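Shown next, in structure tokens, is the structure this report addresses.
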Amino acid sequence: MKYKITLIPGDGTGPEICAATVKVVEATGLDIEWDINNAGAEVYEKEGCVLPQKVLDSLKRNKIGIKGPITTPVGTGFRSVNVAMRKIFNLYACVRPCKSYPGVKSRYENLDIVIIRENTEDLYSGIEFELNKPDTLELIDFIKEKKDISIKKDSGISIKPISVSASEKIIRYAFEYAKKNKRKKVTGVHKANIIKYSDGLFLETFRRIAHEYPEIESEDRIVDNMCMQLVQKPEIYDVLVLPNLYGDIISDLAAGLIGGLGVAPGANIGDEIALFEATHGSAPKYKGLNKVNPTAMMLSAVLMLKHLNEERAANILESAIAAVIKEGKYVTYDLKPTRDDPSAVGTDEMANAIIRKIKTLL
Ligand code: NAD
């Protein structure tokens, strides 16, 4: 079967890790036509738009895409292209597996945790009221009048909506994921003891939906306790489901447990469209140096192949990546015992080693 997949190379080191990923995916023997369309700051300079319509059209057509990281200016400039795409296509589930691979330096071994983060609401909804603006002052007065709560006049305000419908969708997704992938336990994470009407609603929904899946163990954790537990005994956790902000933070924490962002893949899943991308950003200081680790991007491609039900190609690619990392010879600087190890290879050389391994597994 021939697949047509949208490829968004991104910027910074994105195009390098995408090129390496395309090579290894093709080495599994799958017939893929890459529909290449880019977005981000560099596209803006040429086309006057950070997220051109043709990128959106391509994803709508192909229903599946893989993207390199895209730089987002801090504080000023455009809002995140990544967040925009998640919103436009209602990619409501962000799935981030955090799995130990022997050979990756880490304080822990044998971890296999999957973080499932709600991707569309919470503090990421962009409902923000800027310091000193008339709307902000009006909102402060409104809250005083309705709730008799005084907010300092020199405040900025960000609103945190959490709905029953979006919570149901992500929590059900997490339990279905657990069922499909033969996982044993789902942990719901929240701060319902303090934030009663948004996190409280998430927790209530979690408990209700957990009843529909008696074969899967369920439990809940307050997010601060969750952080400590993950550091102290991560091996007891399996699938975690979280609202957007906690999901964002905990997925970086969990990436740290398995050796860092260089090996943490991700998927953004909607009812119709799925977009796969590494957890890490564009690492712009290494742009064009053929230096960064392509593993997270390649493991995102493994998730993409599983999504296409190409289990064999996915397993071969994952095994080849794992074998190259375990050998430790043809790996990038961050996977060597010290960061200045002269035997470190570049992004492209690591991809070539993985391709050699794939050929032995086909
Ligand atoms: P980053 O992930 O780019 O880098 C954090 C650290 O990890 C840096 O030291 C970097 O060198 C290192 N690193 C990242 N990826 C690596 C890899 N593959 N191999 C080896 N080392 C790697 O995070 P940042 O510096 O906070 O963000 C840079 C830009 O990326 C920002 O503009 C941010 O908004 C954007 N970003 C984009 C996405 C996305 O497109 N999904 C995600 C996160 C950040």
Side-chain angles (χ1 to χ4, degrees), residues 8 10 39-41 50-51 55-56 59 65 67 69-96 114-131 133 135-136 139 155-174 188-192 194-203 205-206 222-224 226-227 240-255 261 264-271 273-282 300:
I8 304 168
V50 280
L51 181 52
V55 176
L56 304 176
L59 270 169
K67 74 171 268 295
I70 293 175
T71 307
T72 308
V74 176
T76 56
F78 57 87
R79 279 188 181 267
S80 166
V81 170
N82 310 304
V83 175
M85 276 195 277
R86 289 171 203 160
K87 266 196 178 164
I88 292 168
F89 293 118
N90 194 22
L91 305 176
Y92 63 88
C94 179
V95 182
R96 290 180 173 171
V114 180
I115 312 287
I116 297 184
R117 161 188 171 195
E118 202 290 322
N119 228 357
T120 64
E121 52 182 24
D122 192 352
L123 281 164
Y124 288 67
S125 303
I127 314 167
E128 302 211 87
F129 291 83
E130 201 178 334
L131 170 70
K133 290 279 159 141
D135 282 356
T136 313
L139 180 63
S155 296
I157 300 176
S158 304
I159 304 249
K160 172 180 164 122
I162 290 198
S163 67
V164 175
S165 49
S167 301
E168 273 180 6
K169 213 163 174 155
I170 194 68
I171 293 163
R172 190 159 278 122
Y173 182 91
V189 184
H190 59 88
K191 185 80 187 172
I194 306 291
I195 312 173
K196 299 208 184 287
Y197 296 144
S198 48
D199 283 30
L201 181 153
F202 186 85
L203 174 59
T205 311
F206 177 80
I222 294 175
V223 63
D224 37 351
M226 187 75 240
C227 291
L240 309 186
V241 62
L242 315 90
N244 208 339
L245 177 65
Y246 309 146
D248 193 6
I249 297 167
I250 296 255
S251 48
D252 268 33
L253 191 161
L261 290 172
N268 297 293
I269 313 270
D271 285 335
I273 292 172
L275 183 60
F276 297 82
E277 62 178 338
T279 298
H280 65 71
S282 56
S300 305

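Worth saying up front: this structure is predicted, and the values here are computed from it rather than measured.
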Polar side-chain atom of [X] near backbone of [Y] as donor-acceptor pair, under 3.5 Å:
X    : Y    : answer
T205 : S167 : no
D122 : L245 : yes
S300 : E277 : yes
R117 : N244 : yes

Taking every non-hydrogen atom, the tightest pair across [X] and [Y]:
X    : Y    : answer
V55  : A39  : CG2-CB, 4.4 Å
G247 : I115 : O-CG2, 4.2 Å
I70  : G10  : CG1-CA, 3.8 Å
G200 : A192 : CA-CB, 3.7 Å
V189 : F202 : O-CE2, 3.6 Å

Polar contact flag, side-chain donor to acceptor under 3.5 angstrom, [X]-[Y]:
X    : Y    : value
D271 : N90  : no
Y124 : D248 : yes
K67  : N82  : yes

Would you check if [X] and [Y] make a side-chain contact, meaning some heavy-atom pair closer than 4.5 Å?
X    : Y    : answer
K87  : T120 : no
L56  : F89  : yes
T136 : S155 : no
I269 : L91  : no
H190 : I222 : yes
I116 : L242 : no
V114 : L240 : no

From CA spacing to verdict: side-chain contact (heavy atoms from CB on, under 4.5 Å), C227, L253: CA-CA 8 Å; C227 291; L253 191 161; 4.0 Å; yes
Under the side-chain contact (heavy atoms from CB on, under 4.5 Å) criterion, do N268 and N119 qualify, and how do the steps go? CA-CA 8 Å; N268 297 293; N119 228 357; 2.9 Å; yes
Can E128 and K133 be counted as an ion pair, charged N to O under 4.0 angstrom?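 No, no charged N to carboxylate O under 4.0 Å.
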Run L51 and I88 through side-chain contact (heavy atoms from CB on, under 4.5 Å) and show every step you take. CA-CA 11 Å; L51 181 52; I88 292 168; 4.0 Å; yes
Could you walk me through whether V241 and Y173 pass the side-chain contact (heavy atoms from CB on, under 4.5 Å) test, one step at a time? CA-CA 9 Å; V241 62; Y173 182 91; over 6 Å; no
Scan the side chains in residues 159-166 for donor-acceptor partners under 3.5 Å anywhere in the protein, sequence neighbours excluded, and list what turns up.
unit_1	atom_1	unit_2	atom_2	d
K160	NZ	D199	OD1	2.8
K160	NZ	Y246	OH	3.4
S163	OG	E121	OE1	3.1
S163	OG	E121	OE2	3.4
S163	OG	S165	OG	3.4
S163	OG	A166	N	3.0

